[in-house]
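So the structure is just underneath, and the comments pick up after that.
What you see below is based on every heavy atom in this structure, not just the backbone, and it leaves out hydrogens, waters and symmetry mates. This is a predicted model, so every value here is computed, not measured. Letters A, B, ... are given to chains in the order of the sequence lines, protein chains preceding strands, and every chain is numbered from 1.
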Protein chains: 2
Amino acid sequence: MPIDPLSHTFAALADPTRRAILARLALGEATVSELAAPFPVSVQAVSKHLKVLERAGLVTRAKAAQQRPARLRAQPLGEADAWLEHYRAFWATRFDQLADHLHDIQKGTVR
Amino acid sequence: MPIDPLSHTFAALADPTRRAILARLALGEATVSELAAPFPVSVQAVSKHLKVLERAGLVTRAKAAQQRPARLRAQPLGEADAWLEHYRAFWATRFDQLADHLHDIQKGTVR
DNA sequence: TGGTTGTACAACCGACTGGTTGTATACTGC
DNA sequence: GCAGTATACAACCAGTCGGTTGTACAACCA
């Protein structure tokens, strides 16, 4: 488990259930039970997912003991986006495909 | 290990060494040994990282057996970016902070 | 008071991770 | 053919993951 925040963010996003939880939270805060309802997993599993998201700073929890609704905190997503930004030129301009093509030409594979 | 491509992409990005490898590859293709040089890990470890990146479709390898330089393939990054896109409004407009604020007001915590 | 609900904590499981070392293969150059 | 180089494969390790079940606690409701 890495120490840098960006790794935590990407790791938190690397699970479809957690991304679905974030999508749900984008609509507004929700309790653990509400979040667990649409998924075929136990409430405890969702609670664990929330803990991962919390560690990544992607959600905050209310303090009340009985109900601790989770809320989306998008700032780390902004940081992930900023990292991706550096590579945007590559796919935006099909730079990688261009590079592939040039490479193939150089190799004489195609012309 | 999830089956959806997006999870593979985010998982591949959730490691500083792999992100550094991508950054290096953004400058041009490189062999395993070249990629391993700046890192305090073994060549084999880098080879493993490359395999993870390959599985995520983020790099392609040449075919030659003796030297199989890796090249960046940015398309999956574009898909990750497209996912983040949905949440861009949240941090771009400080929407989450606004939501926090509204919530606090509602709670009477602050006015 | 007691029952129900919402949540957390702990233990366990099988699978994967990131790293190592050791061994093997394949090409290059002498 | 032989030495060196580049890479891969396999086994192993400790640690983490995503999931489960069981237990416990705190807060509401009757």
Side-chain angles (χ1 to χ4, degrees), chain A residues 1-25 28-71 107, chain B residues 1-25 28-71 107:
Chain A
M1 79 214 89
I3 13 83
D4 63 303
L6 203 45
S7 296
H8 278 135
T9 303
F10 281 128
L13 296 181
D15 183 285
T17 303
R18 283 196 291 265
R19 289 198 303 278
I21 288 176
L22 288 181
R24 167 63 187 81
L25 289 181
E29 67 178 38
T31 68
V32 176
S33 334
E34 286 167 356
L35 288 172
F39 299 106
V41 300
S42 66
V43 176
Q44 283 87 339
V46 171
S47 183
K48 274 193 174 186
H49 280 306
L50 274 180
K51 196 162 279 179
V52 174
L53 292 168
E54 222 177 337
R55 190 183 59 177
L58 283 165
V59 310
T60 57
R61 308 288 305 275
K63 297 119 222 105
Q66 192 194 10
Q67 272 182 315
R68 316 215 301 108
R71 257 183 296 159
K107 279 267 187 97
Chain B
M1 78 210 92
I3 11 82
D4 64 303
L6 204 46
S7 295
H8 277 135
T9 303
F10 281 128
L13 295 180
D15 183 285
T17 304
R18 282 196 291 266
R19 289 198 303 278
I21 288 176
L22 288 181
R24 167 64 187 80
L25 289 180
E29 68 178 36
T31 67
V32 176
S33 335
E34 285 167 357
L35 288 172
F39 299 106
V41 299
S42 66
V43 176
Q44 282 89 338
V46 171
S47 183
K48 274 194 174 184
H49 280 306
L50 274 180
K51 198 162 278 180
V52 173
L53 292 169
E54 223 178 333
R55 190 182 56 176
L58 283 165
V59 309
T60 56
R61 309 291 304 277
K63 296 119 225 103
Q66 192 194 9
Q67 270 182 317
R68 317 215 300 109
R71 258 184 295 161
K107 278 269 187 94

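- The separation between L35(B) atom CG and dA8(D) atom C1' is 16 Å, rounded to whole Å.
- At the phosphate of dT7(C), neither OP1 nor OP2 sits under 4.0 Å from any side-chain N or O atom of R61(A).
- Among the nucleotides dA8(D), dG19(C), dG18(C), the one closest to the side chain of V32(B) is dA8(D).
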- Item | Nucleotide pairing, DNA chain D (Watson-Crick or G-U, distances under 3.5 Å), in dot-bracket with [ ] and | | ||||||||||||||||||||||||||||||

- Would V59(A) and L22(A) count as a side chain to side chain contact (heavy atoms under 4.5 Å, CB included) if you check the C-alpha gap in whole Å, the side-chain angles of each, and the deciding distance to 0.1 Å? CA-CA 8 Å; V59(A) 310; L22(A) 288 181; 4.1 Å; yes

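- Taking all atoms of both residues into account, the shortest heavy-atom contact from E29(B) to R24(B) is O-NH2, 3.8 Å.
- Contacts between residues 43-51 of chain A and DNA chain D, defined by a heavy-atom separation under 4.0 Å, are made by Q44(A), A45(A), K48(A), H49(A).
- One finds a side-chain N or O of S42(A) lying less than 4.0 angstrom from the OP1 or OP2 phosphate oxygen of dT20(D).
- One finds the CD1 atom of I21(B) at 6.0 Å from the NE2 atom of H49(B) (value rounded to the nearest 0.5 Å).
- Applying the salt bridge (charged side-chain N to carboxylate O under 4.0 Å, His left out) test to R19(A) and every residue at least two apart in sequence or in another chain returns D4(B).
- The side chain of R55(B) lies closest to dT17(C), out of dG18(D), dA8(D), dT17(C).
- Taking the side chain to side chain contact (heavy atoms under 4.5 Å, CB included) definition, one finds that A12(A) meets it with R18(A), V52(A), L53(A), A56(A), L58(A), sequence neighbours left out.
- Separating the OG1 atom in T9(A) from the CG atom in L13(B) is a distance of 11.5 Å, to the nearest 0.5 Å.
- Across S7(A) and P16(B), no two heavy atoms sit closer than the pair OG-CD, 3.3 Å.
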List the atom pairs, with distances to 0.1 Å, where a side-chain N or O of residues 32-46 of chain A and a protein N or O form a donor-acceptor pair under 3.5 Å, not counting sequence neighbours.
unit_1 : atom_1 : unit_2 : atom_2 : d
E34(A) : OE1    : T31(A) : N      : 3.0
S42(A) : OG     : A45(A) : N      : 3.2

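- Atom CG in D15(A) sits roughly 13 Å away from atom P in dT17(C) (whole-Å rounding).
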